Amino acid sequence: MLELQHISFSAGDGDANKEILDDVSLTVSERFVAITGPNGSGKSTLAKVIAGILKPTEGKILLDGEDITALSVTERAHRGISYAFQQPVRFKGLTVKDLVSLAAGRKITVSEACSYLSEVGLCARDYIDREVNASLSGGELKRIEIATVLARGTQLSVFDEPEAGIDLWSFQNLISVFEKMHARTNGSILIISHQERILNIADKIVVIAGGKVTKQGTREEVLPGLLAGRICPALEN
Amino acid sequence: MDELEKMLLMQIADLHKVPDGAYNIRNNGEADGRRSTPHIRIESRKDGKAGIDIFISGKAQGESVHIPVVITKTDYRETVYNDFYVEDGADVLIIAGCGIHNCGQATSEHSGIHTFHVGKNAKVKYVEKHYASGDGNGENVMNPTTDIRLEEGARLEMETTQIKGVDSTVRTTRAGLAANAELVIREKIYTHGKQFAKTDFSVALDGENAGADIVSRSVAAQSSQQELYLRIDGNKKCHGHSECDAIIMDDAKVLAIPALAANNVDAELIHEAAIGKIAGEQLLKLMTLGLTEQEAEEQIIKGFLS
Ligand SMILES: Nc1ncnc2c1ncn2[C@@H]1O[C@H](COP(=O)(O)OP(=O)(O)O)[C@@H](O)[C@H]1O
Ligand SMILES: [Mg+2]
């Protein structure tokens, strides 16, 4: 279980100090939690704070009761946090297989690597030896990013807008990837998304606007309001 | 041949034993085994210079020649001339390379001057590896020079690698291409400590539709220094592409000087260059997979140079 207690994050220094996250508290104990909210509301910043890439200016992060606020990215990865970037990173020279192997934390066979890629809808044989470089499209890169998190198979998987850049046709498959993950995970999936189809399978939905949690609750509690557009999160407060 | 010499051979030529096909092993300046085959003839030079002439018949199809050089003496310097005569239509793999192990206090140096005369429509893959080790303070110096003439429709692909160990190197490559000839060069260099590496490529696209594609990837770590000069002259309708991609670390210095000379309105020449440290995002991504920062760095470099 992940607990965020009174997390604040401000970027920049001096006068231009900007509060990007403002006293965010939430727990992720359900199997599938979705975070949604307008662009620029601080969702990716929150994901980076969880992964340890950004250090919060205030607040505490607990994983299964352990205070991990001071732990590095590597240490958090060892504790079982995985993070799929909103904008995946390209590597000249590293192949898709190299990356999936590093994610799995061991040498994996071609067929194992292929099975992760197939799960995210990539025809594995075509990709396994490709370099994770500029020759891959944004959508391909996005799916490889998701495959690295699948290969890790840890207790907490954080996905930052996995649907972005993926065409509608493949989107169907993507939903089923998450449905499957939902069904079999022993831990939790935390997914940042704008997609109704994804919000629809969430056990809990958290709405973030202007760096604050403006609403959280079960899907039944939060979704109708979001869809009716009554709680357009940007305008709410 | 002792264990050390065998180890050097492994490093530069992946040779565990006597290779298949034609070969010539040069060990501390002495011939240490030579074999010619029906299609590949190796002879000592007749002009008094050290080195060999290699004659490759047009009948050689998918055959290979190994010509490794091993040096284990300190305070030893040599200049060796190897000339390759590749007949029209041949198809060969040439594996060269130099391994120096210098335990002494003095400099050991190998300058290999390789000249390729590649006949019409012949195909050559030329693999060259440089490796050096040693526990003394003696410097290991290697200065490979490669001179390439490609006749009409010939193709030469050169893979040249130097990973650590060599203290000082000046690598010079000159090429002239006739019509429809094609040259592909892939260079990989890793320098560290106080090493110095200079690479100088100069390619003249003299014939219609000649093409060159040259990519140099390098990593400069600690206080090593690298210089890269890369020139392509387009003298007819032709296409040339060169790329220099360097990762710089610590206190290293990299100087890249590309030059494109278009002497014909239909010459299409492109150069790309990038020098920079490892991107922070790349390190972070691998750290989220559980690697330490140092492990992440190693993986990124390994991938970059593989
Ligand atoms: N390093 C930074 N320095 C300054 N501002 C930043 C930095 N990173 C993000 N921001 C700003 O913080 C806000 C939240 O960004 P982000 O977390 O990426 O939002 P979201 O993912 O919800 O779209 C935005 O206004 C963004 O411009
Ligand atoms: Mg975002």
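None of these values were measured; they are calculated from a predicted model. All chains are named by letter (A, B, ...) in the order of the sequence lines, taking the proteins before the strands, and each is independently numbered beginning at 1.
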Q. Does atom NZ of B:K302 have more than 12 heavy-atom neighbours from other groups under 6.0 Å away?
A. no
Q.
Tell me whether the count of non-hydrogen atoms from other residues, nucleotides or ligands lying under 6.0 Å of NZ in A:K204 goes above 12.
A. yes
Q: Can you spot which of A:V89, A:T74, A:L102 makes a side-chain contact (heavy atoms from CB on, under 4.5 Å) with B:L286?
A: A:L102
Q: Examine whether an atom of B:S306 lies under 4.5 Å from a heavy atom of chain A, and if so say whether it belongs to the side chain, the backbone or both; otherwise answer neither.
A: side chain
Q. Side chain, backbone, both or neither: which part of A:R90 has an atom under 4.5 Å from a heavy atom of chain B?
A. backbone
Q: For B:E268, look at atom CD and say whether over 12 heavy atoms of other residues, nucleotides or ligands are found less than 6.0 Å away.
A: no
(Q) Testing the basics here: between B:G290 and A:H78, what is the closest heavy-atom pair and its distance to 0.1 Å? (A) O-NE2, 3.0 Å
Q. Heavy-atom count around A:E66 CD within 6.0 Å, excluding the residue itself: above 12?
A. yes
**Q.** A:E75 portion near chain B, given a 4.5 angstrom heavy-atom threshold
**A.** neither
Q. What residue, out of A:R76, A:E145, A:E131, has the most heavy-atom pairs lying under 4.5 Å from chain B?
A. A:E145
Q) Hey, is CD on A:E58 packed in by over 12 heavy atoms from elsewhere, all under 6.0 Å? A) no
Q | Region of A:L99 that comes under 4.5 Å of a non-hydrogen atom in chain B | A | both
Q | Where B:G303 and A:L94 come nearest, the two heavy atoms and their spacing | A | CA-CD2, 4.0 Å
Q: Would you mind checking which part of B:E295 comes under 4.5 Å of any heavy atom in chain A, side chain (CB onward), backbone (N, CA, C, O), both or neither?
A: neither
Q: Please indicate whether B:E157 has more than 12 foreign heavy atoms, meaning atoms of other residues, nucleotides or ligands, lying under 6.0 Å from its CD.
A: yes
Q) For the residue pair A:F85 and B:L284, what are the closest heavy atoms and their distance? A) CZ-C, 4.3 Å
Q: Report, as yes or no, whether the 6.0 Å neighbourhood of atom CD on A:E30 holds more than 12 heavy atoms from other residues, nucleotides or ligands.
A: yes
(Q) Can you confirm whether A:K92 sits close enough to B:R217 that some side-chain heavy atom of one is under 4.5 Å from a side-chain heavy atom of the other? (A) yes
Q) Which atom names give the shortest non-hydrogen contact between B:Q282 and A:F91, and what distance separates them? A) CB-CE2, 3.4 Å
Q. Quick one: CG on A:D98 to CD1 on B:I300, what's the gap to the nearest 0.5 Å?
A. 12.0 Å
